[in-house]
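Start at 1 and go down the list; that is how both ligands and their atoms are numbered.
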Amino acid sequence: MYSKNEIIDILKDNTIDKEIFSLADSIRKKYVGDEVHLRGLIEFSNICKCNCKYCGLQFSNNKIERYRISPENIVLYAKKAVDMGYKTVVLQSGEDAFFKTEILCEIIEKIKNLGVALTLSIGERPYNDYKAFKQAGADRYLIRIETTDRNLYKSLHPNMSFENRLRCLDDLKNLGYEVGTGCLVGLPEQSLESLADDILFFKKIDADMIGIGPFIPHPQTPLANSQIGDFNLALKVMALTRIILKNINIPATTAMETLNPNGRIIALQSGANVVMPNVTTTEYRAKYEIYPGKICINENPEKCRNCIGAKIKSIGRTVSEDYGFRVR
Ligand code: SAH
């Protein structure tokens, strides 16, 4: 186990990158094997009450066209994902008040009846909501801490609190969810020291999944003119997370592929073992613009499934046939 100072030294030293990526790859192989788990992602609403400064879906962005997929159609898209062979469906959205507890529970129950694992990624909710979603059948929950630097967190999230983010992660763990979190890499004013803290935080809370992506400035946000995150640094934070947390699930994130046309494959060879292809129909893809340059916005779900399947095969890995829960 590395100390904080050792992690910082590794992050600083570009001469050892290859070594770190190949160590992460071998630890991935040893602990979670060669199978890649696919999770079908449904981006069901881009309506959001939050104002996270980096995010294109923020409430104050009045230039994007908002949409909300109806509960019936969400279930329909989930069914299509299952028919395509997905063993996990991920429901992601902005913090959209339309989706009250009962509505979501009904969607969850219907999707669970299709025989898949279900992941939610819908932001901060009270304990009782998380409890109801779990009872309705949800298996996993993704909510990134974004950064563990409290001051930075505060400046990026108006009217939100770091404590509440922690409370969410704690509640989810206590309720028996598989908990996914993660961070952005390359935020303005973010230090290497705080990235080391992020990795140690993932270890401390014993997260089951970690998603790490480079920050990509969105033109309709206050961070429009900030510098873009560094692909290599994001990859290194991800690789170190694999080296330190060992048996967790780590997605090769879509944001990585935005910065490098081969980003997800490189990530799969540097510690990642999960990919989350988009199963939302083409009409909504461009509108779910968290950051600009999102990949595959003109593609359809079938094409994305085939494309990633072929890429995975080309590097000698296989698409998993099981639910892909964390291996212990
Ligand atoms: N509303 C949900 C889902 C958020 S979108 C929630 O709060 O959890 C999923 C992730 O996109 C966020 O957690 C954030 O880390 C990432 N993201 C947002 N804006 C981004 C940007 N400009 N560049 C890269 N990633 C971004």
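The proximity of Gln92 to ligand 1, defined as any non-hydrogen pair under 4.0 Å, is limited to the side chain.
Counted within 6.0 Å of CD on Glu19, heavy atoms from surrounding residues, nucleotides or ligands total 12 or fewer; the atom is thus considered open.
Counting protein heavy atoms only, atom 15 (O) of ligand 1 is closest to Glu146 OE1, 2.6 Å. In terms of protein heavy-atom proximity, atom 8 (O) of ligand 1 is closest to Arg165 NH2, 3.7 Å. Of the protein's non-hydrogen atoms, the one nearest atom 17 (N) of ligand 1 is Ile290 CG2, 3.3 Å. Nearest protein heavy-atom neighbour of atom 2 (C) of ligand 1: Ser93 O, 3.5 Å.
Backbone and side-chain nitrogen or oxygen atoms of Ser121 are examined, and none is located within less than 3.5 angstrom of a nitrogen or oxygen of ligand 1. Note: no N/O pair closer than 3.5 Å links Tyr291 and ligand 1 by distance alone. In terms of N/O distances under 3.5 Å, ligand 1 is approached by Tyr54. An N or O contact shorter than 3.5 Å is missing between His218 and ligand 1 by distance.
In this structure, Glu163 does not pair ionically with Arg167, as no charged nitrogen and carboxylate oxygen lie closer than 4.0 Å. Taking a cutoff of 4.0 Å between a charged side-chain nitrogen and a carboxylate oxygen, Arg165 and Glu146 qualify as a salt bridge. Between Asp206 and Arg328 a salt bridge is recorded (basic side-chain N to carboxylate O distance below 4.0 Å). A salt bridge is absent between Asp170 and Lys173; no separation between the charged side-chain nitrogens and carboxylate oxygens falls under 4.0 Å.
Close contacts between ligand 1 and Arg144 involve ligand atoms 13 (O), 14 (C), 15 (O), 16 (C) [criterion: under 4.0 Å to a heavy atom].
Nearest to atom 22 (N) of ligand 1 by heavy atom, out of Thr147, Asn46, Ile145, Ile216, is Ile216.
Residue Glu289 places every heavy atom at 4.0 Å or more from ligand 1. Residue Pro214 places a heavy atom less than 4.0 Å from ligand 1.
Lys53 contributes a side-chain N or O that, together with a main-chain N or O of Ser155, makes up a donor-acceptor pair within less than 3.5 Å.
Side-chain N/O atoms of Ser45 and Arg66 include no donor and acceptor closer than 3.5 Å. For the residue pair Asn51/Asn159, the side-chain donor-acceptor check at 3.5 Å is not satisfied.
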